[in-house]
2 protein chains.
Amino acid sequence: MKELQSEYQCAINLVIDLIGGKWKVLLLWHLNEGDKRFNELRRTIPEITKKMLTQQLRELEGHGLVKRTVFEEVPPRVVYSTTDFGRKLQPVLYGMCQWGDDYAEKEGIQMNSCWTGRDFMQK
Amino acid sequence: MKELQSEYQCAINLVIDLIGGKWKVLLLWHLNEGDKRFNELRRTIPEITKKMLTQQLRELEGHGLVKRTVFEEVPPRVVYSTTDFGRKLQPVLYGMCQWGDDYAEKEGIQMNSCWTGRDFMQK
DNA sequence: CGGAATCCGAACTGATACTG
DNA sequence: CAGTATCAGTTCGGATTCCG
């Protein structure tokens, strides 16, 4: 598990350590839509492997951005959700998505089927 | 140079390709303070090597987020600045910084000497 | 269902030396 | 000053197998 430094020069560096990498922002984004189970997340993000999904979720959990709830049933059920603090990142994520949409439009990049910042703003 | 895909499922993925990694957000952040020369950026971010600085700046330039201006002088002078589109990310970066600050405060992580979202909001 | 453990190549990053 | 080039280390990420 990636350990945070005890001291940072700039908040941006801390943010990169917390949500940097290929998957975390995407996971937070989808978990902000609502709580999700492990295999539900796998279906939502088909490109991610089980290993990476587990790993990234554990790091998010360890840093207090995601909550993991285990229901002691058979078959087992595990539900992931964002914490209050993780949810505070929502506006930033929407801003990122909007900006990404603008870029895609400007550059003629095709965007599919996923919620976009623009969708959100229309609600 | 990292090539973008021709199609994305989610804007978030595009954003990650554009500004993901260890350095790009940090560079955009500092360039938003004002135009900077190569060695000026190195002093601002002492941990970055020349190689990575060049590489990341070139990618940002290639994606249209940063502009590189060469003054044909001796000694050479090269100035980097954000493009209009790169600057559109400013509010998002400030949001990230603010969130990072909150996290640092909550967790008792020390933050030094760099501009923070909070500083910005007080202006 | 929701993982853990292992292996391995690819990608990222850094150190160092050199250059117009 | 503003880079290139080369080499080497480390980490990341994916494939596969196994498990309660």
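Computed from heavy atoms alone, side chains included, the values below leave out hydrogens, waters and symmetry copies. Naming convention: chains lettered A, B, ... in sequence-line order (proteins, then strands); numbering from 1 in each chain.
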Between [X] and [N], is there a side-chain N or O to OP1/OP2 distance below 4.0 Å?
X	N	value
B:K22	C:dG14	yes
A:R37	C:dC1	no
B:R43	D:dC1	no
A:R42	C:dG2	no

Write down the distance between [atom1] ([X]) and [atom2] ([N]), rounded to a whole number of angstrom.
X	N	atom1	atom2	answer
B:L53	C:dT13	CG	P	13 Å
B:Q55	D:dG3	CD	P	14 Å
A:Q56	D:dT11	CD	C1'	13 Å
B:E47	C:dA15	CD	P	11 Å
A:L57	C:dG3	CG	C1'	11 Å
B:N39	D:dG3	CG	C1'	9 Å
B:L27	C:dT13	CG	C1'	15 Å
B:I48	D:dG3	CD1	P	12 Å

Helical bend (five base pairs per end, nearest 10°) for the helix from C:dC1-D:dG20 to C:dG20-D:dC1: 50°
Would you please name every residue forming a salt bridge (charged side-chain N to carboxylate O under 4.0 Å, His left out) with A:R68, sequence neighbours left out?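 Not a single residue meets the salt bridge (charged side-chain N to carboxylate O under 4.0 Å, His left out) criterion with A:R68.
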Please name all residues satisfying salt bridge (charged side-chain N to carboxylate O under 4.0 Å, His left out) with B:E72, sequence neighbours left out, ordered by chain then number. none
In a table with atom names and distances, give each donor-acceptor pair under 3.5 Å that connects a side chain of residues 14-28 of chain B to protein atoms at least two apart or in another chain.
{"residue": "B:D17", "atom": "OD2", "partner": "B:Y8", "partner atom": "OH", "Å": "2.7"}
{"residue": "B:K24", "atom": "NZ", "partner": "B:E59", "partner atom": "OE1", "Å": "2.5"}

Supply the atom-to-atom distance [X] [atom1] to [Y] [atom2], rounded to the nearest 0.5 angstrom.
X	Y	atom1	atom2	value
B:D35	B:T82	CG	OG1	7.0 Å
A:Q90	A:R87	CD	CZ	8.0 Å
A:N39	A:T44	CG	OG1	10.5 Å

Counting N and O atoms only, with roles assigned by atom type, does the side chain of [X] sit under 3.5 Å from a partner on the main chain of [Y], one being a donor and the other an acceptor?
X	Y	value
A:E40	A:R37	yes
A:Y103	A:I109	no
B:T83	B:G64	yes
A:Q5	A:E7	yes

Just the atom pairs and distances: protein N or O near nucleotides 16-18 of chain C's N or O, under 3.5 Å.
none

Nearest to the side chain of A:T54, which nucleotide is it out of C:dG3, D:dG3, D:dG13?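 Ranking C:dG3, D:dG3, D:dG13 by closest atom to the A:T54 side chain puts C:dG3 first.
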Aromatic rings A:Y94 and A:W29: how do their planes relate, parallel, tilted or perpendicular, breaks at 30° and 60°? perpendicular
Any residue in residues 68-82 of chain A with a heavy atom nearer than 4.0 angstrom to DNA chain C? Just list them by number, or reply none.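 The stretch gives A:R68, A:P75, A:P76, A:R77, A:V78, A:Y80 as the residues lying under 4.0 Å from the strand, ordered by number.
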Report yes or no: is the cationic atom of B:K106 (NZ for Lys, CZ for Arg) under 6.0 Å from the centre of the six-membered ring of A:F85, at an angle within 45° of the ring normal?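 Ring-cation test returns yes.
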